[in-house]
Amino acid sequence: MDSTAGEEVVFQFLSVFRVFKSGRVERLVPADTVPPSTDSRTGVQSKDVLIDPHTKLSVRIYLPKVSTSAKKLPLLIYIHGGAFSIGSVASSIYHSHLISLAAEANAVAVSVEYRLAPENPLPAAYDDAWKAVEWVASHSNRDGAEMWLNEHADFDRVFIVGDSAGANISYNVVGRASENDNGPEGLKIIGLGLVHPFFMIDKPDKLIEYIFPTSTGLEDPRMNPWANPGLGRFRCNRVLIIAAEHDFLNDRARGFHAALRESGWKGSVEMVENEGEDHVFHLFNPDCEKAVALVKKVASFIQSDSNEAEMGTRPSSL
């Protein structure tokens, strides 16, 4: 085993985190957080709201410029990536990304701060995301604790979107909602957006074996959509899948697309591919042409009330 400063390393995931025999976890990616604010360029406001003091579940809410409270805006629930083990709604890359999405889609956005593995093994992140959705739903009668949601969110136009591990969590949120007759009362989930999603399709994954000890591996529908007997009953109308040509997870995105087609699901799905790009490139190079196009694509998905894609369409490119 490797060791650092005399401590034995019992598990390491790439250059993301390592766990020592003592139980100490060292994250190898520097934390870079920013507070909520009002963005001077777009006018998007943000604030942090604590949902559960016990688990420290919280959300960062984004409100685009609004001229009146009479017009309700689409509601985006966003779940960040980071191998289930790093990342935050307060990280500079996600904060900037959510500002761009809220502004471009003219949508209220709720970004979920879930508990991270390995200190909090899966399914903790799934449970946190679901609890955040239930908290959002508690505002559907316009009498919840958060006025931005009461006054501006359209609870009949809800979109769940995530990237990488967050895309997997988003998929599980919609799956759980489908089991509960479209989820908590008062929310209508229209669309699911998966950006460079993480799944297990045809081989085990050492990270998942470590951070999800109760998983049944390739037989677990939370990890493998091919093992999900409820996939054909997904109650959202539309799915958008965005892959990247050089992403090590590219085959997982294509696998989910194929599984959804084969499931008998009656909604519409579109898959697009970022040619020449790698995993979550848009977060690290947000000003490049293809990253801007990606944000516009997700925003169009949120804005559109019509089904623009057909089941089984060939992937297009961005």
Side-chain angles (χ1 to χ4, degrees), residues 42 44 62 64 71-81 94 96-112 129 133 136 152-164 166-175 177-178 182-183 187-197 225 234-244 247 253-254 256-257 260-261 265-275 277 280-283 286 289-318:
T42 63
V44 172
Y62 295 82
K71 180 183 178 183
K72 304 307 178 189
L73 305 178
L75 177 57
L76 164 64
I77 299 176
Y78 192 91
I79 305 177
H80 71 79
Y94 280 110
S96 296
H97 186 54
L98 266 294
I99 287 172
S100 297
L101 280 176
E104 189 69 34
N106 195 31
V108 179
V110 177
S111 185
V112 181
V133 170
V136 169
H152 301 292
D154 186 344
F155 299 98
D156 287 327
R157 288 189 294 162
V158 179
F159 296 82
I160 314 291
V161 177
D163 67 273
S164 194
N168 174 280
I169 299 170
S170 299
Y171 150 81
N172 277 282
V173 165
V174 175
S178 302
N182 206 27
L187 287 190
K188 184 175 182 181
I189 299 175
I190 300 297
L192 168 65
L194 306 177
V195 181
H196 308 169
F234 260 33
R235 296 184 64 87
C236 61
N237 298 331
R238 290 182 278 139
V239 171
L240 172 66
I241 306 167
I242 299 181
D247 185 1
R254 293 177 179 276
F256 178 81
H257 184 243
L260 193 61
R261 282 205 323 268
W265 180 66
K266 301 302 183 184
S268 64
V269 61
E270 182 178 9
M271 181 172 173
V272 297
E273 183 172 275
N274 307 124
E275 294 181 348
E277 298 294 349
V280 297
F281 74 95
H282 61 290
L283 296 176
E289 182 179 349
K290 290 182 180 178
V292 172
L294 186 152
V295 169
K296 288 183 180 295
K297 185 65 180 179
V298 176
S300 175
F301 176 67
I302 294 169
Q303 291 171 331
S304 176
D305 290 326
S306 62
N307 294 335
E308 297 176 348
E310 298 295 332
M311 289 293 294
T313 52
R314 293 172 61 89
S316 57
S317 61
L318 280 176

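Owing to the predicted nature of the structure, the values given are computational and were not obtained by experimental measurement.
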Sub-3.5 Å donor-acceptor pair from the side chain of Lys290 to the main-chain atoms of Glu275, do we have one? yes
Any side-chain heavy-atom pair of His282 and Val195 under 4.5 Å: yes
Do the side chains of Ile242 and Val298 get nearer than 4.5 Å, heavy atoms only? yes
NE2 on His80 to NE2 on His97, rounded to 0.5 Å: 12.5 Å
Partner of Asn172 under side chain to side chain contact (heavy atoms under 4.5 Å, CB included), chosen from Asn168, Val174, Ile169: Asn168
Distance from His152 atom NE2 to Leu75 atom CG, nearest 0.5 Å? 12.5 Å
Measuring only between side-chain heavy atoms, which start at C-beta, is Thr42 closer than 4.5 Å to Pro64? no
Rounded to the nearest 0.5 Å, how far apart are CD1 of Ile79 and CG of Leu194? 10.5 Å
Can you check whether Cys236 reaches Trp265 side chain to side chain, under 4.5 Å on heavy atoms? yes
Any side-chain heavy-atom pair of Glu104 and Gln303 under 4.5 Å: no
Go through the steps for Lys188 and Asp156 under the test side chain to side chain contact (heavy atoms under 4.5 Å, CB included), then give the verdict. CA-CA 5 Å; Lys188 184 175 182 181; Asp156 287 327; 4.1 Å; yes
Determine whether Arg238 and Glu270 make a side-chain contact, defined as any pair of heavy atoms from C-beta on separated by less than 4.5 Å. no
Can you confirm whether or not the ring centre of Phe256 sits under 6.0 Å from the ring centre of Tyr171? yes
So, do Leu294 and Phe281 sit near enough that their side-chain heavy atoms are less than 4.5 Å apart? yes
Can you tell if the side chain of Leu76 reaches within under 4.5 Å of the side chain of Phe301, non-hydrogen atoms only? no
